[in-house]
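Values below: all heavy atoms of this structure, side chains included; hydrogens, waters and symmetry mates excluded.
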Amino acid sequence: MSKRLMFLLLLVVFSATLNAQTPAKTGRTFTIDVPESKVEFFVGSSAGDVNGVFKTWTGKLSQTTAGVPESATLSLEVTAASMSTGSGLKDKMVKGKDFFYVKDFPTVSFTSTKVIPSSDPNKFQVQGNFTLRGVTKPVTLQVTLDRDGKGGGQIYADLSFDRRDFGMTKSVPFVRVSDSVRVRVDLDVAPTPVAAAIERYSWAKLIRIKISN
């Protein structure tokens, strides 16, 4: 076999190897700016509304197809004991056994399963599994996007659930507490920078190499 033919065969193998190392990447991940974001809940009662903010939580957001919100997946994990209502008495009650029971159930979580678009390109329904007090139920987030023109922006999401579905069946003496709990999630997100890909050599570059017999 001549040196020229051998070299051409090596070029074919080398090119195939490079292509295998640089698969097309169509997905996109996002970074959530936690200090600029918020996870909170609201409960009405005859003694006044209770508003709680969770100070410790993590979230993951990605798209299997960049720029297509319907391909997005979202997960949130909240540290239940990090909630604060601004009142020590209310904190003790809400974190206690009759409500969030943070001692035995330290996390509250949401994992999306489907994104449903609407006629408005910035409004979606996000279906998913919501876990509270060890009970998992399907819920739907009502989501609004406020895009910043750079691939990120603000995500505003709301859901309401019946606390009795998650074992919060107790009442407060002499106080009527609503069975409906509203959760509000405001996320400040930005596309995660994409790492530089392995340089792909073109045939034009390769065949410039001079071969001598």
Common cluster, V135/V102, ILVMFWY with side-chain heavy-atom separation under 4.5 Å: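 V135 clusters together with V102.
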Side chain of [X], backbone of [Y]: donor and acceptor closer than 3.5 Å?
X: S109; Y: E77; value: no
X: T111; Y: S75; value: no
X: R133; Y: D104; value: no
X: S118; Y: D120; value: yes
X: S180; Y: D162; value: no
X: R176; Y: G44; value: no
X: K123; Y: T144; value: no

In Å, rounded to the nearest 0.5 Å, how long is the span from [atom1] of [X] to [atom2] of [Y]?
X: I155; Y: D146; atom1: CD1; atom2: CG; value: 10.5 Å
X: Q125; Y: K114; atom1: CD; atom2: NZ; value: 10.0 Å
X: R163; Y: L132; atom1: CZ; atom2: CG; value: 11.5 Å

Salt-bridge criterion met for [X] and [Y] (N-O under 4.0 Å):
X: D186; Y: K38; value: no
X: K137; Y: D165; value: no
X: K150; Y: D148; value: no

Ring pair (Phe, Tyr, Trp, His ring centres under 6.0 Å) against F54, all qualifying residues, sequence neighbours excluded: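 Partners of F54 by the ring pair (Phe, Tyr, Trp, His ring centres under 6.0 Å) criterion, ordered by chain and then number, come out as F41.
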Partners passing side chain to side chain contact (heavy atoms under 4.5 Å, CB included) against S87 (at least two apart in sequence or in another chain):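 Once residues adjacent in sequence are excluded, the partners of S87 under the side chain to side chain contact (heavy atoms under 4.5 Å, CB included) criterion are T85, L89, K90.
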Charged tip of R182 within 45° of F42 ring normal and under 6.0 Å: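 Yes, R182 lies over the aromatic ring of F42.
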Distance-only donor-acceptor check, side chains S62 and T73, under 3.5 Å: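 Indeed, the side chains of S62 and T73 share at least one donor-acceptor pair under 3.5 Å.
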Check: F130 ring centroid to F161 ring centroid under 6.0 Å: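 Ring centres of F161 and F130 closer than 6.0 Å.
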Nearest heavy atoms of L76 and G59, plus distance in Å: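 Between these two residues, the closest heavy atoms are CD2-CA, 3.8 Å.
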